[in-house]
Q: 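Sharing a structure, written as structure tokens. Questions coming.
Every number for a ligand or one of its atoms is a count from 1 in the order of the listing.
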Amino acid sequence: MIPIALLIILLSCFCLDFAVAIDSSITSSQLIRDPDAILSNGSNFKLGFFNPADSPYRYMGIWYDMPSEKAVIWVANRDNPLKDSSGIITISEDGNLVLVNGQKEVLWSSNVSNLVNNSTSAQLLDSGNLVLRDNINRAIVWESFQEPTDSFLPGMHHGIDQRTGKKVQLTSWKSLSDPSTGSFSAGLIHQNIPEIFVWNVSRPYWRSGPWNGQIFIGIPELKSVYLFRHNFTFGFANDWTFFALTAQGILEERIWIKWKDNWEVGFLNLRTECDVYGKCGAFGICNSQEKPICSCLEGFEPKNAEEWNRGNWTSGCIRRSKLQCERRNITGKVGKEDGFSKLNKMKVPDFTEWTSPATEDECREQCLKNCSCIAYAFDGGIGCMVWRSINLIDIQRLPFGGTDLYIRVANSDVDEKGKKDVFVSPLIKGMFALAICTLFLWRWIAKRKGNVLVNFS
Ligand SMILES: *[C@@H]1O[C@H](CO)[C@@H](O)[C@H](O)[C@H]1NC(C)=O
Ligand SMILES: *[C@@H]1O[C@H](CO)[C@@H](O)[C@H](O)[C@H]1NC(C)=O
Ligand SMILES: *[C@@H]1O[C@H](CO)[C@@H](O)[C@H](O)[C@H]1NC(C)=O
Ligand SMILES: *[C@@H]1O[C@H](CO)[C@@H](O)[C@H](O)[C@H]1NC(C)=O
Ligand SMILES: *[C@@H]1O[C@H](CO)[C@@H](O)[C@H](O)[C@H]1NC(C)=O
Ligand SMILES: *[C@@H]1O[C@H](CO)[C@@H](O)[C@H](O)[C@H]1NC(C)=O
Ligand SMILES: *[C@@H]1O[C@H](CO)[C@@H](O)[C@H](O)[C@H]1NC(C)=O
Ligand SMILES: *[C@@H]1O[C@H](CO)[C@@H](O)[C@H](O)[C@H]1NC(C)=O
Ligand SMILES: *[C@@H]1O[C@H](CO)[C@@H](O)[C@H](O)[C@H]1NC(C)=O
């Protein structure tokens, strides 16, 4: 009798990885004990316990069930690790999904209030979502997709969760071996025009540029067919794709490559230094294909030339000459109207305001009329965007895509270069090219005629 029991225990030790419940539910009587795990119905995901690389601690988490490399997408007790392998995942007396240790201390709880006693169960869905349901009406009372860790999965909702009204954000791990709350977070903000931000604690570290219904202006390589369906719920062509925010604050797309049996990085938000928020300071423009990468907008000059020339761009640029509309306010004199300098292929600056004008001309006119408007842009998907902030920050020239951006400059500065370059020069260039072509064509015809003449004579 005893040897058989021992054999069973030994066997179950050797077959730890096989100790996986087929039913993906957790109830008050059906628990998960470390090192057991449950598999989602469809076998995409596992819920159980893991140690991060080089970490002595155990965590309750969900991961893609890959034999070669598990990709952890959610951690419950990230800031409250298990010091041993005594963890149990169960439904507590108050109906919440909980993680307890050997001393019966609660290390993590779904923390929903007002649940009815002994009437809930949890299930790991094949989307990777762990849901807690009310057994009476089957309503979802809590889900892990509402409280993501550092990964954003297909089917997950970004921004404000409609059911709970809570903000859904990613928070990075501290390091590869430490899933506790790191300093970077990422989320969608909805003020005015939707936009994705990555923050370093509270300071912006990266932004996507405004959403135009198809793409985020600053990341034209991410197409909508592939991403963001209704209300920014992710959708992918491939189920084995997700976004993760790394401990270094990089938002990256991870794609499972079946034949390589490995995860690969697709899209990366920080491709060049120019992607770092405000790299070139106020009124500076970043172009990764130029050296140095930062320059001042037309009509502006470095605020601190010495610093700027040393490659410290943090102080940014200032206006060279006062705007006419400002001068008029001071002196009362009326001079030449201000103008706009045009920049193409732009990731437009931060602090965009959406306004009503429906055409580009109206947008321009409205901006020109109001001295507090210092730039505008018109995008077919968004309409009229204006900037009234004190500084224009985080402007980048993209290799492709982007929008035309018009910066308000004093007339003297437009005359210098902008006006001619922008409005006149294409025409002159075109006429010049046409003239040269005509000349060559004429000479060629003349030569041919000459040859023909020679042949016949
Ligand atoms: C698993 O999925 C299949 C097909 O979608 C369904 O018929 C079955 O009831 C599911 N099982 C559980 C335990 O949810
Ligand atoms: C839930 O039920 C158990 C046992 O029936 C009881 O001890 C406990 O106090 C109940 N909890 C609540 C919150 O009603
Ligand atoms: C649980 O929720 C209550 C309010 O509903 C909140 O005050 C408390 O901080 C939460 N606890 C945890 C661990 O999230
Ligand atoms: C919950 O219900 C199950 C069966 O429905 C029962 O066995 C268990 O004792 C109950 N637990 C509590 C805490 O009431
Ligand atoms: C994040 O902010 C901290 C504190 O301000 C700073 O020390 C660190 O360099 C920042 N990280 C990056 C990648 O900018
Ligand atoms: C999108 O959100 C709006 C308001 O937040 C809501 O009225 C609408 O039903 C949502 N649409 C979908 C498809 O979820
Ligand atoms: C860059 O200039 C800013 C503003 O003057 C200063 O605070 C910062 O220390 C400088 N950074 C470096 C690396 O010199
Ligand atoms: C114009 O001057 C008035 C009075 O000095 C001031 O209140 C107002 O803000 C100024 N307007 C602009 C656009 O600078
Ligand atoms: C200019 O814009 C500011 C800020 O939106 C607004 O308060 C002000 O009324 C506008 N002025 C005019 C003349 O439209």
Q: Can you check whether Cys280 and Cys274 have SGs under 2.5 Å apart?
A: no
Q: Using the test side-chain hydrogen bond (donor to acceptor under 3.5 Å, both in side chains), find all partners of Asp275 that sit at least two apart in sequence or belong to another chain.
A: Arg271, Gln396
Q: Below 3.5 angstrom, do we get any N/O pair linking Glu307 and ligand 7?
A: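 Among all N and O atoms of Glu307, at least one is under 3.5 Å from an N or O of ligand 7.
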Q: Of all the atoms in ligand 7, which lie at a distance below 4.0 Å from a heavy atom belonging to Thr314?
A: 1 (C), 2 (O), 3 (C), 4 (C)
Q: Could you tell me, for ligand 5, which of its N or O atoms are under 3.5 Å from any protein N or O, listing the pairs and their distances rounded to 0.1 Å?
A:
| unit_1 | atom_1 | unit_2 | atom_2 | d |
| --- | --- | --- | --- | --- |
| ligand 5 | 2 (O) | Asn200 | OD1 | 3.2 |
| ligand 5 | 2 (O) | Asn200 | ND2 | 2.3 |
| ligand 5 | 11 (N) | Asn200 | ND2 | 2.9 |

Q: Is the distance between the ring centroids of Tyr205 and Trp199 under 6.0 Å?
A: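 Ring centres of Tyr205 and Trp199 not closer than 6.0 Å.
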Q: With sequence neighbours left out, write down each residue that passes side-chain hydrogen bond (donor to acceptor under 3.5 Å, both in side chains) with Asn129, or none if nothing qualifies.
A: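 side-chain hydrogen bond (donor to acceptor under 3.5 Å, both in side chains) check on Asn129 returns Glu143, Ser144.
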Q: Go through the structure and list residues passing side-chain contact (heavy atoms from CB on, under 4.5 Å) with Ile73, not counting sequence neighbours.
A: Phe45, Ile62, Tyr64, Ser151, Leu153, Phe242
Q: With ring-ring contact (aromatic ring centres under 6.0 Å, His included) as the test, pick out the partner of Trp74 among Phe50, Tyr59, Trp108.
A: Trp108
Q: Asn101 side chain to Ser86 main-chain N or O, any donor-acceptor pair under 3.5 Å?
A: no
